[in-house]
Number of protein chains: 2
Amino acid sequence: MSKQIRAVLAEDQAMVLGALAALLEIEKDIAVVARARNGREAMTLVAQHEPDVLISDIEMPEMSGLTLAAEVHGRYPRVHIVILTTFARAGYLRRAMAAGAQGYMLKDRPAAELAECVRRVCRGLRVVDPELAAEAWTQEPDPLSERERQILWRAGEGKSGAEIAVDLHLSEGTVRNYLSEAINKLGAANRIEAARLARSKGWL
Amino acid sequence: MSKQIRAVLAEDQAMVLGALAALLEIEKDIAVVARARNGREAMTLVAQHEPDVLISDIEMPEMSGLTLAAEVHGRYPRVHIVILTTFARAGYLRRAMAAGAQGYMLKDRPAAELAECVRRVCRGLRVVDPELAAEAWTQEPDPLSERERQILWRAGEGKSGAEIAVDLHLSEGTVRNYLSEAINKLGAANRIEAARLARSKGWL
DNA sequence: AAGAACCGCTGACATTTGTCATGCGGCGGG
DNA sequence: CCCGCCGCATGACAAATGTCAGCGGTTCTT
C-alpha cells in the first residue's frame, strides 16, 4: 500500500469548499492538506505543500482556475491537476487541457466519482467527462468574428442596436447586419437566444 | 440528550449534494435521511420521511426551492426549512421567509456554520445572514405580479411574445401588455434589460 | 346595488429588430 | 494590374416589440 494522496483544494464558495474537503476526507487514501478560496491563494499553497494533486474550480476571484492550472503545470509539473466545475463547455475543457490539466470533472456528476477521478489522475491517467470530450471533438470551433462577439455580448446585456452602434462607432444598420449574421450562424431565433447560446458554448 | 436531527437535503449539482451530505454526516447529532436533486423529488422525500429539517438550494430544475419551501410549509408545518444558496439577493430572502423558511444560508459562509444553523433552526430560532437581512429591509419590495414574473422569465430566455402566449394560454397582445408594464415598473428600456434587472434583485 | 380593483382582451400606432440585396474602398495574392 | 475578399455601409421591407386607450367580466367592499 502506497502513501496517502496529498491534495490541495481550490473553490471560492467556502461552504462548498468545506463540503468537498469533507467528502474527500472520507477516503482513507486521500488527505486534503490545504484549502484555497481563490487562484492566488492556491498558487501559494501549492508552492508550500507540493501536493500530489490540485483540485480547482474555474470561476474564482483573483485568478481563474485555468490560469492557475497553467502556472502550476509550468512550475510544478509533478503536481497533477483536476478541474472541477459547473460548466460543461467545450471551450473550457479545451483550455484546461492546454493548460496541463489531467482531469476535468463536472459538479453534476455523482459525488463518488471525485475520489476515483483523483486516484486515476495520480496514477497518470487522464479523466474527462466522456460526453463533454465527445462534444469537444465534434463541436466546430467558435464561428463568431470579433465584431460579432462584441456586438452579441452587448445585445445580451439588453442594449439596443442604437446604443451598440454608438458604443462601437458603427452605424446602426451595420450593427443589425452583424447581429443578423450571428443569429444565423448560431441557428437562433433572435438576439437573446443567440447570446444565450454563444454564452453556453463558452464563445462569449 | 435528544435524538438525532433528521434532515432531507435538496441540491441539483450531484457532487455538491454528496459533499454537503458528507459535511453534515460528520456531525454526530445530524443524520441525512434523504437526498433530492430537484424540488419535485424533495417534495416526495419529505412526504416519505417527515424530517426535522429540509435544507434546500433555490435554483433547481422541476421545482424551485422557493416553491418547494411554500408547499412543504403548507403541508408539513412541523418540518423546519433552511434555504442554502449562492445568491445574496434581498428578494430571494424575502420570498423564502414568506414561504415559511426559518433559515437563509449563503454558500459563501464557512462550512462550519451549516450544522450550527440547522441546530438553531430545529430549536425554533430563525437564522439569517445579518448583512443580507439589513439589505432586505432597505430595498423596495418586489413590484412584479405573478403573471409579470412568469412572462418576464420566459422573455429573458429568448422566447418571443407569440411563444410565451402559447405557453401561458394568453393572447399575444396581453403578453405585450404585461411585458410593457413590467418594463415600465422596472424602469428598463426593453424586455432584456428588465429581465436582467429583475433577476439581479431576486425577483425572478 | 354601486363602485373599486383586477384580470385578460382588442385595436391602433410608433419603434425596434431581423433579413436581403447591393455598393464602396482597402488590401493581399495571382 | 486586376480580382476577390473583407469590413462597413445603405436602403427597403417584413416582423416583432413597446405603448396607449379602452372594453367586458369577476370579485371584494361598502
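All chains are named by letter (A, B, ...) in the order of the sequence lines, taking the proteins before the strands, and each is independently numbered beginning at 1.
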Which comes earlier along DNA chain C counting from the 5' end, the contact point of B/N190 or that of B/H169, where each point is its nearest nucleotide?
B/H169

Would you say [N] has OP1 or OP2 under 4.0 Å from some side-chain N or O of [X]?
X      : N      : answer
B/R191 : D/dG18 : yes
A/R147 : D/dG7  : no
A/S171 : D/dT10 : yes

Salt-bridge criterion met for [X] and [Y] (N-O under 4.0 Å):
X      : Y      : value
A/E148 : A/K185 : yes
A/R149 : A/E146 : yes
B/D29  : B/K3   : no
B/E11  : A/K107 : no
B/R37  : B/E41  : no

Qualifying residues under side chain to side chain donor-acceptor pair (under 3.5 Å), relative to B/D167, sequence neighbours excluded
B/R154, B/K159

Round to the nearest Å and state the distance from [X] atom [atom1] to [N] atom [atom2].
X      : N      : atom1 : atom2 : value
B/L152 : D/dT17 : CG    : P     : 13 Å
B/E172 : D/dG18 : CD    : P     : 12 Å
B/I164 : C/dG8  : CD1   : C1'   : 16 Å
A/E193 : D/dT17 : CD    : P     : 12 Å
A/L168 : D/dA9  : CG    : P     : 10 Å
A/I192 : C/dT16 : CD1   : P     : 16 Å

For DNA chain D, find the residues of residues 173-183 of chain A with a heavy-atom distance under 4.0 Å and give them by number; none if there aren't any.
A/G173, A/T174, A/R176, A/N177, A/Y178

Take atom CZ of A/R119 as the centre, draw a 6.0 Å sphere, and report whether it contains more than 12 heavy atoms from other residues, nucleotides or ligands.
yes

Counting C-beta onward and ignoring hydrogens, is there a side-chain heavy-atom pair between B/V53 and B/I5 closer than 4.5 Å?
yes

For DNA chain C, what dot-bracket results from Watson-Crick or G-U pairs at under 3.5 Å, with [ ] for crossers and | for inter-strand partners?
||||||||||||||||||||||||||||||

CD of B/E181 to CZ of B/R176: how many Å apart, nearest 0.5 Å?
15.0 Å

